[in-house]
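Quick one: structure below, then a few questions.
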Amino acid sequence: STVGSSNNAGSTASGDVGTAVCGSPEEQAAITAAVDGRTLKVGYTPPILSEFYTQVEKSAFNRMHELEECYGIQWEWARQGALNDAHSGVEAVGIVQNFISNEFDAVFVCSAAPASTMQEIYAAGSEGGVDFYQFNSTEELANPSQADDPTGGLFTVSNIGYDDRWQSGYIAGLYLAEELNGAGEIIQILGPSGSDWTKLRQLGFEAAISEYPGMTIVGSADGGYVRDQGLTAAQDLLTKFPDVDAIYGENEDMALGASQAIDLAGLQHWDGTSGIITIGADGLLSGMDSIRQGKLSATVDVNSVEMGRTMIDTLFQHEILGMTVAQFIRIPTIVVDQSNVDWAEAKIAASLAGPGNY
Amino acid sequence: MRANDSVSTPAVLEARGITKHFEGVTALDDVELSVGAGEIHALLGGNGAGKSTLISIISGVTKPDRGTIHLNGSPLASSGPFAAMAAGISTIYQELSLVPALSALDNIFLGREITKKTLGLPLTSDRRGMEQKVRDLAADFGITASELGTPVSEFGALKKRAIEIVKALAFNPQVLILDEPTSGLEDAERQVLFGYMRSLRERGVSLVWVTHHLEELFGLADTATVFKDGRRVDTVPVESTSAAELVNLMFGMDSEEFGGGDASRVAHLSTSAGSRVVLRARNLTRGTVVRDVSLDVREGEIVGLAGLAGAGRTEVVRTLMGLDALTSGTVELDGRRLSLRSSTAAYRAGLAMVPEDRKQLGILADLSTAKNVSISRLSTVATAGFWISAKKERALAEKFRTRLGIKTPDVDARIGNLSGGNQQKVIVARCLNTAPKLLIFDEPTQGIDVSAKVDVHTLVRDYAANGGSAILIASEVEELLELSHRVLVLKNGRVVGEVDGIPAAIEAGEFARIKSEVLNLSAAGGAS
Amino acid sequence: MMKSRTLDIATVSRNAWERLVVDPTLGVISLLVIFSLIAAFAFPVFYAGNNIYNLVGSSITVMILAIGMTIVLISGGIDLSVGAVMALCAGTAASVVKLGAPLWVAFLCALLVGVIAGLMNGFLVTRVGLPDFIGTLAMLGLASGVLYIATQGVPIIGYMTSEYYVIGGLEPLVGPVTLPMVVALVLALSAGWLLSRTRLGTHFFAVGSNAVAARQSGVSVRWVKTQAYVISGVCAAIAGVILAGRNNNVPADLGTGYEIQAISAAIIGGASLMGGRGRVLGAVLGSLTLALAINIINLAGVPSSFQKIVIGAILLLAVIANYLSELARNAALRRRAKRDSQASSLERTKKEI
Amino acid sequence: MMKSRTLDIATVSRNAWERLVVDPTLGVISLLVIFSLIAAFAFPVFYAGNNIYNLVGSSITVMILAIGMTIVLISGGIDLSVGAVMALCAGTAASVVKLGAPLWVAFLCALLVGVIAGLMNGFLVTRVGLPDFIGTLAMLGLASGVLYIATQGVPIIGYMTSEYYVIGGLEPLVGPVTLPMVVALVLALSAGWLLSRTRLGTHFFAVGSNAVAARQSGVSVRWVKTQAYVISGVCAAIAGVILAGRNNNVPADLGTGYEIQAISAAIIGGASLMGGRGRVLGAVLGSLTLALAINIINLAGVPSSFQKIVIGAILLLAVIANYLSELARNAALRRRAKRDSQASSLERTKKEI
Ligand SMILES: Nc1ncnc2c1ncn2[C@@H]1O[C@H](COP(=O)(O)OP(=O)(O)OP(=O)(O)O)[C@@H](O)[C@H]1O
Ligand SMILES: Nc1ncnc2c1ncn2[C@@H]1O[C@H](COP(=O)(O)OP(=O)(O)OP(=O)(O)O)[C@@H](O)[C@H]1O
Ligand SMILES: [Mg+2]
Ligand SMILES: [Mg+2]
């Protein structure tokens, strides 16, 4: 799967770089010439350092390694501080200044900071010669449209991610409804109020549930995106609603906390016919293990592996080959449960064991 | 002799039926006080009698449970100290109450700043104006112009007291209240203060004055009101009474009765110090404050340190306690070289000290009286050296309570709630509790009443008679001479003279001679 | 103005009932009782299932930190590093278990980290002479930085042995009682004993109440303060080992925000930033109050946008309750003084007659 | 132990050069200079473009808050609500502008909110008698709760008129100088004047240093503390109006974390949690130090996992520099005393702890 072809989903590179990866010898030689031994200086700024963003980064490294082997491109990779703090003392202008003065070619950004603040950063950056790529972000919240404007009003080169509404919240809701045959009570453990991810996933999730009159959301609580608070929130909600059929954790950590709460309350995990279903979202290696053990019923794997890969491909296509890339690139997501956990897990594990390292 | 018939003018200040209960104690019980214009009215009473409480009620700091304060016949609004100050009441409180972060000048004018107009509003402090206003007064109490600009935290207890006096005198008050203003004051400054008190009386100011030094009363105070246990015992004209009568009123007994009277003094005078040197300090130097001081203290000996304010007496003993680092010099205790690293080491080696400023350096205000006694040596109240026994702690405190007559409803009550003199007794108890080889007293009897002073003196003498050694600093030369075997005189951080054989000299009736010898050395000796 | 006097209460009052009435923690206790009653009426589920045990379980981490924090506050300091140190200790324990070492080795390693952090705090504050706020803030940066670098931001997982489920309180010991609850109880009792019955405890109060005077009475202020920080470090280590179990993984930001919760719990319980005051029982009740607030919010289904206000209000109520109980207490003591003085004046009158 | 004596410099030292040498903020100043030199050599970009101005610009919000915080700390309080109040004021200003009202109306509304918040803090602390920490923590909950509820978590946008770009400092006034810089300068000068030249300033020190003595001198401790909180509220309002401009939008959590930064800046600048100490110049330099730390980290491209450690280290350095300069200062004073061959009052000063 070469960079020229657009569809390279599910490709697994394990170091044996050859024709299958680099294209035909002629293609390879031509692209190598185009690269001309260039070095791309890339910044990576996740909102937090976490298992998910490490999976994304590692997958990106693997793809970078392939491209280096194939076409001789050199990489300089710098993980930068989170831009979430853009509103608490560390200010947008200063960050952009940093990127510009460090002569980054491109920066990958995922931030919890307000969209308009980020827009300001992107605009100032492009003026100073830094290309911005958003990943795993919530740009769909503002409903950007390319109907009249090729950029959809965003000052980024491209936005690589998935639709939090329909590719995460919605399919989680559908999964619950289908497992429960369209009837059941749900409690939700949400992120802190005001988070854009929460809002979007909530929208999709509620849309899915409303398609099933037998399904009701009976309660929700704040789990702060962390496991300990997720556990406490789930315990409290289970006290109030001991007969629920499902728990929706807006991210995997909180869902895993909820799973612990089920154990502690002496309730049963879902076994396909009875018990409580727990579903989260992220697609972490650690979560896969819990699914295998039946502690977590399912999770929405938002495909960290594909995300990292696509980020690098898009970058290469735009920066080196000069292609116009799609403003909104959506990568595929999937609900993982015991039926498909094997390959979902294997894929992440393989990526994490990959040869890339920068 | 109920009423103060010596004063014919109508009362300026009147307290009527004042009652105040605190948690655990009744400080004042239906108390009356009446002070006329141009009268110096002394408040007398043992420690904890309620004097300071009455004063803080008059000054608006404390609200009485019952009763009212009248000024010129009309009741004073009980809306806090500001109202009292505005009505012309100025107070020097018993405890040093200056703000460490502010300069002396700002402290003097705190709450009564002279302002200039900025943008038409009286916002800005006029420091020049303030300085002009108090410069002469301050100079009378030994405060220089540059000291007026220095933060109060850099002064010793003495100087702070002088600043407080200036603060109270600076505003031409109608009523001036002084709660033990001479406590720890030098003789010269004492006389300056008395001069001011007299001239204020000439101008018709009413003065309320608390003191434990009965000899100061005569020739100065007009009337004395005696308190006992929160009740007014009597009000007497000073000229028609005697110290003995006052003591009788205060304690309900004759002055000969307490502390074994002269017996212990006589015993003390005849005991001479042992020959073994307990403390041997050589060439102590600390910057320019302590210069090349050497001193020996023998077993059973009480060595007095004399000198004027700032002579460096406190500084010398602080270095001995490891509280300040020495520039050079050595100290041996019982022949063993002391490492003067910390006060902990000093206490462990067998030293102990009663510090000069009890509020800042002495009491642990939030802790109980019992803990304030035992803190210096918790092992005495601990089982297996570790587990503190509340019972032992209380027993220890009770022992000192009876011995020193500490007045408190309960040894477990906060020490902060005790009267000043009683706090001082607790600090003395704390030091005695460590059974030290060498005990340092820096102004040990400040604020202590006549009866307890005798008790403390007896304690000091007994302690020495039983082989303990002591260094004593007392600004009252009489007290210093009565207790010391030998006196070293300091000036500018140097030892400028020594007077030995004091008990014998006193016995020979030469008290006046050695007193003037010490005073002359203090004033003249050494380079300046 | 509020001013709690912690040491005289139990002793000034000899009568058991009076002693209870005048206890300064009565305020928090009665608030807890009132809340619980309200909760019970409004949400019958409050007593359903194991809610109370869950509530207690969720308060343990903060409770243990608050116990250490109370000691630091009493001695006149403040420890902003507890959350970060706790996370570092959690990471240490998890990593050591993962290496296959026995649990007690992991625990000792975590403890060592906590003690070192405490010693460093003590060093920065008492030797370098930094303000407590800055010294421990720097330690916060150091501890969380080390954990970030060591983990590269990837949560530590894969250490959850079956024993570790017990340590984390996910597997109860007897009935609904978990090991963390027992540990917290033991810690609270020891800390209470330390404060009220040992030399060191007295020294903590002395140093916090008036460091200068404590030094004058031979107390080594530096060493005492250092020990307070070490105890706080030990508490952080214990809390970290437990939280690693409860949380099933150790993300690098595990400790974020815990310092504010611990300080709040200690202050609700009567400690003061000015030193010299505080009670272990207060810290315990304070952390329970915080957990109760969250519990009630969750049970009542308060929209999350209201949560901050509700928590703020509950904090206020707790401290006001404390204050009222103090007023009641002082009034009771004053009444007694009056009674005593009337009795004595009666006696005197009799004598005079 | 460190002990800054803020008030004696001007008076003790009559000579200008000496006065500079003995100034306690010299440490922070020299640290800033050294940092800047290092930065200039290591990263030539440090002086490139408007980096310095950007740096100053990014420190303004914290600086304004730190000025108010310094006054609160001097008077013996602590204001944890500044961040939340600032956000609420930012939200107020933005909403009022959005309604079409003129800017000055928006500013007055924000100011009103700040003043009310300050009065409420003062009320909770001085009348209800809550500890400062809890009273202002509750206010934090209240203010941020109100903003959450009002915005429902959706950032306020659409108020950025061209004038507002000037207010936010996004449009400079003259050269690279922005309005916020001018505002901060004016505020710092007024606060400095207030503290050193007015009665109220003296009263702030008095109340924080010894509240009992202040009260005995007729100073209304309650009213003075309330005024300190009101000033802090006003500073929060001004910072909020500016930040709303700089940030282009007002999310509900705009203020999160600012309180810690403001306190840190004030303490780096020599203020103390124990009250009675602090300098406006110190607060200004403290916030610049914080901004410089971030700037250097950004320029040096410090990996994010190291950032916390680096910031912690810079904090430490700043305070240690302060300390060293104090030592130098004391030595200078002592030398002078020797010259005058007079026992220096400084030497007599009891070096406690
Ligand atoms: N704030 C307080 N709380 C509780 N008890 C107090 C308080 N203030 C004073 N007392 C008690 O009231 C009594 C009277 O104290 P006060 O200070 O008036 O005595 P005093 O006559 O000034 O004694 P001294 O000569 O020692 O200064 C004492 O028993 C003291 O313990
Ligand atoms: N020449 C001086 N210069 C500066 N300060 C002085 C000077 N003389 C006295 N003082 C102030 O007076 C205080 C008293 O000094 P110090 O405590 O050393 O006196 P002392 O001889 O120990 O007397 P005492 O023990 O009676 O207080 C000092 O702390 C200092 O602040
Ligand atoms: Mg008194
Ligand atoms: Mg002295």
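Order of the sequence lines fixes the chain letters, A, B, ..., with proteins taken first and strands second; residue numbering starts at 1 for each chain.
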query = Where on B:Lys116 is there a heavy atom nearer than 4.5 Å to chain D: the side chain, the backbone, both, or neither?
reply = neither
message = Please determine whether a side-chain nitrogen of the Lys or Arg among B:Arg127 and B:Asp106 lies less than 4.0 Å from a carboxylate oxygen of the Asp or Glu.
response =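 Result for this pair is yes, salt bridge flagged.
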request  = With sequence neighbours left out, write down each residue that passes salt bridge (Lys or Arg N to Asp or Glu O under 4.0 Å) with B:Glu164, or none if nothing qualifies.
outcome  = B:Arg161
key: Interface moiety of B:Thr124 toward chain D, non-hydrogen atoms closer than 4.5 Å   = both
query = Does the side chain of D:Asn121 come under 3.5 Å of the side chain of D:Thr136 through a donor N or O and an acceptor N or O?
reply =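 The criterion, which ignores hydrogens and geometry beyond distance, is not satisfied for D:Thr136 and D:Asn121.
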query = Just by distance, with hydrogens left out, do B:Asp324 and B:Thr319 show a side-chain donor and acceptor under 3.5 Å apart?
reply = no
inquiry  = For the interface with chain D, which of B:Gly493, B:Ala325, B:Ser97 has the highest count of heavy-atom pairs at distances below 4.5 Å?
reply    =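 Among the listed options, the one with the most contacts to chain D is B:Ser97.
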remark   = Assert top hit (heavy-atom pairs under 4.5 Å, partner chain D, pool B:Ala86, B:Ser125, B:Ser90) equals B:Ser125
ask   = Between the side chains of B:Ser52 and B:Gln94, is a donor N or O closer than 3.5 angstrom to an acceptor N or O?
value =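 Yes, because at least one side-chain N or O of B:Ser52 sits under 3.5 Å from a partner of the opposite role on B:Gln94.
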message = Counting heavy-atom pairs closer than 4.5 Å to chain D, which one of B:Ser343, B:Gly80, B:Gly111 comes out on top?
response = B:Gly111
query = Using a cut-off of under 4.5 Å for heavy-atom pairs, which of D:Ser217, D:Ser220, D:Ala214 has the most such pairs with chain B?
reply =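 The residue among D:Ser217, D:Ser220, D:Ala214 with the greatest pair count is D:Ser217.
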Side chain, backbone, both or neither of B:Leu98 within contact of chain D (heavy atoms, under 4.5 Å) = backbone
query = From B:Ile89 CD1 over to B:Met85 CE, what is the distance, rounded to the nearest 0.5 angstrom?
reply =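 Answer rounded to 0.5 Å: 11.0 Å.
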